[in-house]
Number of protein chains: 2
Amino acid sequence: MNIGAVAKASGVSAKMIRHYEQIGLIGHSPRTEAGYRQYQERDLHTLKFIRSARDLGFSLEQIHQLLSLWYDEQRSSAEVKQLAESHLSDLDKRIQALITMRDALVSLSESCCGDNRPDCPILEGLAGHVPASSSPPQLSKQKAQGV
Amino acid sequence: MNIGAVAKASGVSAKMIRHYEQIGLIGHSPRTEAGYRQYQERDLHTLKFIRSARDLGFSLEQIHQLLSLWYDEQRSSAEVKQLAESHLSDLDKRIQALITMRDALVSLSESCCGDNRPDCPILEGLAGHVPASSSPPQLSKQKAQGV
DNA sequence: GCTAAACCTTGCCATCATGGGAAGGTCAAC
DNA sequence: GTTGACCTTCCCATGATGGCAAGGTTTAGC
């Protein structure tokens, strides 16, 4: 398979496949006489693995570790699970951070009537003045309910 | 105020203040004879505004628009609110994407017992095989409940 | 007045994952 | 043999931020 075919089949762009090769995430593929990269089923399998891991938000560094474990017949599933849980906790932190932002912005936005007048609690909030008609306690503590 | 003082007071690093000046987010400050940037209360106020907006996840491009509206006495609060809601919808999309990742990974992770043996449903899942003991329908459709 | 520390300046490079484009070589079909 | 679709390498860009280096300035202490 040429790079275009394996890119299409794996869902990883040709650009990225070359990049992954360059940073050592995947090995150097053999080349034709003309210099074209040649791929086998096994490479396609690896690229699909990478693609799935990216879809789950793993970094390339983490994927590097996952691939080592995948290739290692002696691995313990505990090692893999530990990696997954560490990533899970990272995902949870990012989700929480975004939800915190969201809730703060919702509460600012709700206090702005959005009409033709220039008075705007959103801008006032950003400028450091607490918006007048917002943040009853239960709103400011709101978490993760209605995302 | 020198850049260090205004950085400390605003919570925006000196590095970033220079950067914001360079990309035109804030104006060029006057300089001392030696070339040191000089800031006033007004600039501090602006930087705090920027900092708050960054904390809410607005991009520098969006902050540029927010600042224009902030300075514009003729603005309508509707314009501000529209910007805020557009950003809110973006935040919601990002939160949903992360939650989707998280749920998929949780379901993989739960099916892995994490012991000394090499069998690992997480790796199998990434490799494209459905993990054996996972995904009863209600789990695979799970959304946003327990973040 | 001298020295050291703490500050400031500009400029370049790095991150992370990805895409764009240019300039040029190769292959297959017609 | 030409055309179009593919491939190659190389450089640059994103967005927001940090780091470092080489050098100038200010300030405090002696």
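All values reported here derive from a predicted model rather than from experimental measurement. Chain A is the first sequence line, chain B the second, and so forth, proteins listed ahead of strands; every chain is numbered from 1.
Protein atom CG of B:L25 is 10 Å distant from nucleotide atom P of D:dT17, rounded to whole Å. In this structure, CZ of B:R18 is placed 15 Å from P of D:dC20, rounded to the nearest angstrom. One interatomic measurement links the two molecules: CD1 of B:I63 to P of D:dG15, which rounds to 13 Å at whole-angstrom precision. The CD atom of A:E33 sits 15 Å away from the C1' atom of D:dC7 (whole-angstrom rounding). Rounding to whole angstrom units, CZ of residue B:R51 and P of D:dA16 are separated by 14 Å. Here the P atom of nucleotide D:dC10 and the NE2 atom of A:H19 are 15 Å apart, to the nearest Å. Taking atom CD of residue B:E61 and atom C1' of nucleotide D:dG15, one finds them 12 Å apart after rounding to whole Å. Computed from coordinates, the A:M1 CE to D:dC6 C1' distance equals 16 Å when rounded to whole Å.
Backbone-only engagement by B:R54 is indicated by non-hydrogen atom pairs under 4.0 Å involving sugar-phosphate atoms exclusively. Note on A:T32: nothing from the nucleic acid sits closer than 4.0 angstrom, heavy atoms only. Contacts of A:S59 with the nucleic acid, taken as non-hydrogen atoms under 4.0 Å apart, involve only primed sugar atoms and P, OP1 or OP2. Contact annotation for A:F58: no contact, since no heavy-atom pair falls under 4.0 Å across all strands.
The 5' end of DNA chain C is approached more closely, in terms of each residue's nearest nucleotide, by B:A5 than by the other of B:A5 and B:K15. Two residues, A:G35 and B:A34, neighbour DNA chain D, and the one matched to the more 5' nucleotide by heavy-atom proximity is A:G35. Comparing A:N2 and B:Y20 by the nucleotide of DNA chain D whose heavy atom lies nearest to each, the residue mapping closer to the 5' end is A:N2.
Between the NE2 atom in B:H45 and the CZ atom in B:F49 there is a gap of 9.0 Å [rounded to 0.5 Å]. Atom OG in A:S86 sits 6.0 Å away from atom CD in A:Q62 (nearest 0.5 Å). Between the CD1 atom in A:I50 and the CH2 atom in A:W70 there is a gap of 8.5 Å [rounded to 0.5 Å].
A:S77 and B:D115 share a side-chain donor-acceptor pair at under 3.5 Å. Between the side chains of B:Y39 and B:T46, no donor-acceptor pair is found at a separation under 3.5 Å.
In this structure, the side chain of A:R102 does not engage the main chain of B:L91 through any donor-acceptor pair within 3.5 Å. Side chain of B:K48 to main chain of B:S10: no donor-acceptor pair is present (N/O by atom type, distance under 3.5 Å, no hydrogens or angles). Between the B:D72 side chain and the B:Q74 main chain, a donor and an acceptor come within less than 3.5 Å of each other.
In 5' to 3' order, the nucleotides of DNA chain C bounding all contacts with chain B (an atom under 4.0 Å from a heavy atom) are C:dC7 to C:dG11.
Contact annotation: A:R31 side-chain N/O to D:dT9 OP1/OP2 distance is under 4.0 Å.
Contact of the A:Q38 side chain with the A:D43 side chain is not registered, since no non-hydrogen atoms from C-beta on lie closer than 4.5 Å. Between A:L123 and B:R75 there is a side-chain heavy-atom pair separated by less than 4.5 Å.
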Notebook entry, point to check: In dot-bracket notation, what is the pairing pattern of DNA chain C, taking Watson-Crick (N1-N3 plus N6-O4 or O6-N4) and G-U wobble (N1-O2 and O6-N3) contacts under 3.5 Å, with [ ] crossing and | for other strands?
Noted result: ||||||||||||||||||||||||||||||
